[in-house]
Amino acid sequence: MKMNRFPFAASVLMALAAFALIATPASARPRAVSKILGYVTAHSHDGNGSIRAPYRNTDVGYQVRLPRGTWVYCRTSCSETLRVNTVDVWANVDNATPIGVGTLQQECGAFGCLRWERSF
(Lines give C-alpha, C1' and ligand atoms only; values in the text may rest on other atoms or scores of the structure.)
Protein backbone atom coordinates (compact mmCIF):
# COMPACT_ATOMS: atom_id res chain seq x y z
CA MET A 1 0.00 0.00 0.00
CA LYS A 2 1.48 3.26 -1.11
CA MET A 3 0.84 6.42 0.91
CA ASN A 4 0.72 9.87 -0.64
CA ARG A 5 2.95 12.25 1.32
CA PHE A 6 1.83 15.48 -0.36
CA PRO A 7 -1.34 16.12 1.75
CA PHE A 8 0.57 15.43 4.97
CA ALA A 9 3.48 17.69 4.05
CA ALA A 10 1.11 20.46 2.92
CA SER A 11 -0.85 20.35 6.18
CA VAL A 12 2.36 20.42 8.26
CA LEU A 13 3.66 23.37 6.21
CA MET A 14 0.40 25.30 6.65
CA ALA A 15 0.39 24.60 10.39
CA LEU A 16 3.96 25.89 10.72
CA ALA A 17 3.11 29.03 8.74
CA ALA A 18 0.08 29.71 10.96
CA PHE A 19 2.16 29.17 14.09
CA ALA A 20 4.83 31.55 12.82
CA LEU A 21 2.22 34.27 12.32
CA ILE A 22 0.76 33.74 15.78
CA ALA A 23 4.13 33.50 17.53
CA THR A 24 5.49 36.74 16.08
CA PRO A 25 5.74 39.19 18.98
CA ALA A 26 3.66 42.33 18.72
CA SER A 27 6.48 44.41 20.18
CA ALA A 28 8.91 43.49 17.41
CA ARG A 29 8.41 46.85 15.76
CA PRO A 30 10.69 49.66 16.88
CA ARG A 31 9.19 52.09 19.33
CA ALA A 32 8.61 55.58 18.07
CA VAL A 33 11.00 57.95 19.79
CA SER A 34 10.60 61.68 19.61
CA LYS A 35 13.31 64.28 19.66
CA ILE A 36 14.60 65.75 22.90
CA LEU A 37 11.80 67.69 24.58
CA GLY A 38 13.91 69.58 27.07
CA TYR A 39 16.28 69.22 30.00
CA VAL A 40 15.77 68.30 33.66
CA THR A 41 18.04 69.13 36.57
CA ALA A 42 18.49 66.79 39.51
CA HIS A 43 19.89 68.08 42.80
CA SER A 44 21.48 65.73 45.30
CA HIS A 45 19.83 65.33 48.71
CA ASP A 46 23.19 64.49 50.27
CA GLY A 47 25.39 67.31 49.00
CA ASN A 48 26.75 65.50 45.94
CA GLY A 49 26.02 68.36 43.53
CA SER A 50 23.56 68.42 40.66
CA ILE A 51 23.29 67.14 37.11
CA ARG A 52 21.39 68.24 34.02
CA ALA A 53 20.24 65.82 31.31
CA PRO A 54 17.85 65.72 28.33
CA TYR A 55 14.53 63.88 28.34
CA ARG A 56 12.32 62.58 25.54
CA ASN A 57 8.97 60.90 24.99
CA THR A 58 8.38 57.39 23.60
CA ASP A 59 5.29 55.30 22.93
CA VAL A 60 5.58 53.81 26.42
CA GLY A 61 6.56 56.88 28.44
CA TYR A 62 9.21 59.48 29.13
CA GLN A 63 12.92 58.67 29.20
CA VAL A 64 15.90 60.55 30.63
CA ARG A 65 19.50 60.13 29.43
CA LEU A 66 22.17 59.10 31.91
CA PRO A 67 25.73 60.52 31.60
CA ARG A 68 27.11 57.66 29.48
CA GLY A 69 24.25 57.87 26.96
CA THR A 70 21.85 55.21 28.27
CA TRP A 71 18.19 56.19 28.14
CA VAL A 72 16.10 54.99 31.11
CA TYR A 73 12.36 55.28 31.66
CA CYS A 74 11.24 57.92 34.14
CA ARG A 75 9.46 56.50 37.18
CA THR A 76 8.21 59.09 39.71
CA SER A 77 9.57 61.98 37.63
CA CYS A 78 12.46 62.36 35.23
CA SER A 79 14.47 64.51 37.66
CA GLU A 80 14.01 61.98 40.49
CA THR A 81 15.02 59.09 38.23
CA LEU A 82 18.09 61.05 37.14
CA ARG A 83 19.00 61.91 40.77
CA VAL A 84 18.66 58.34 42.00
CA ASN A 85 20.67 56.91 39.10
CA THR A 86 23.50 59.46 39.19
CA VAL A 87 24.32 61.87 42.03
CA ASP A 88 22.65 59.92 44.86
CA VAL A 89 23.17 56.40 43.52
CA TRP A 90 25.19 55.26 46.57
CA ALA A 91 23.66 57.62 49.14
CA ASN A 92 21.34 55.21 50.93
CA VAL A 93 23.36 52.00 50.82
CA ASP A 94 23.22 50.18 54.15
CA ASN A 95 25.71 47.50 55.19
CA ALA A 96 27.62 47.92 51.90
CA THR A 97 25.01 45.96 49.95
CA PRO A 98 24.02 47.35 46.53
CA ILE A 99 20.50 45.89 46.62
CA GLY A 100 18.01 48.59 45.70
CA VAL A 101 20.61 51.01 44.35
CA GLY A 102 19.09 53.24 41.66
CA THR A 103 15.59 51.80 41.99
CA LEU A 104 12.14 53.18 42.66
CA GLN A 105 12.63 52.49 46.38
CA GLN A 106 15.14 55.35 46.52
CA GLU A 107 12.94 57.93 44.77
CA CYS A 108 10.88 60.55 46.55
CA GLY A 109 7.15 60.71 45.96
CA ALA A 110 4.81 63.39 44.64
CA PHE A 111 5.02 65.33 47.93
CA GLY A 112 8.81 65.26 48.10
CA CYS A 113 10.91 63.16 50.42
CA LEU A 114 8.85 62.48 53.48
CA ARG A 115 10.86 61.25 56.42
CA TRP A 116 9.26 59.71 59.48
CA GLU A 117 11.21 60.12 62.66
CA ARG A 118 10.24 59.41 66.22
CA SER A 119 12.14 60.47 69.27
CA PHE A 120 11.46 60.12 72.94
| said: Can you tell me how far apart CZ (R52) and NE2 (H43) are? Round to the nearest 0.5 Å. | reply: 10.5 Å
| remark: G61 and Y73 have their tightest heavy-atom pair at O-CE2, 4.0 Å
| query | Looking at residues at least two apart in the chain, or sitting in another chain, which of them share a side-chain contact (heavy atoms from CB on, under 4.5 Å) with R68? | reply | none
| query | Could you give the distance from CD (E80) to CG (N85), rounded to the nearest 0.5 Å? | reply | 10.5 Å
| Between R75 and T81, what is the shortest heavy-atom contact and its length? | N-OG1, 3.0 Å
| query | How many angstroms lie between CZ in R56 and OH in Y62, if you round to the nearest 0.5 Å? | reply | 13.5 Å
| query | How many angstroms lie between atom CG of L37 and atom CD of Q63, to the nearest 0.5 angstrom? | reply | 11.0 Å
| For the student: nearest non-hydrogen atoms of C74 and S77, plus distance | CB-C, 4.1 Å
| field | Counterpart residues, side-chain hydrogen bond (donor to acceptor under 3.5 Å, both in side chains), relative to T41 (two or more places apart) | value | none
| What is the distance from atom CZ of R83 to atom OG of S50, rounded to the nearest 0.5 Å? | 12.5 Å
| request: Looking only at non-hydrogen atoms, find the nearest pair between C78 and V64 and report the distance. | output: O-CG1, 4.1 Å
| Do you know which two heavy atoms are closest between A42 and S79, and how far apart they sit? | CB-O, 3.3 Å
| request: Could you tell me which non-hydrogen atom of L66 sits nearest to which non-hydrogen atom of V72, and how far apart they are? | output: CD1-CG1, 3.9 Å
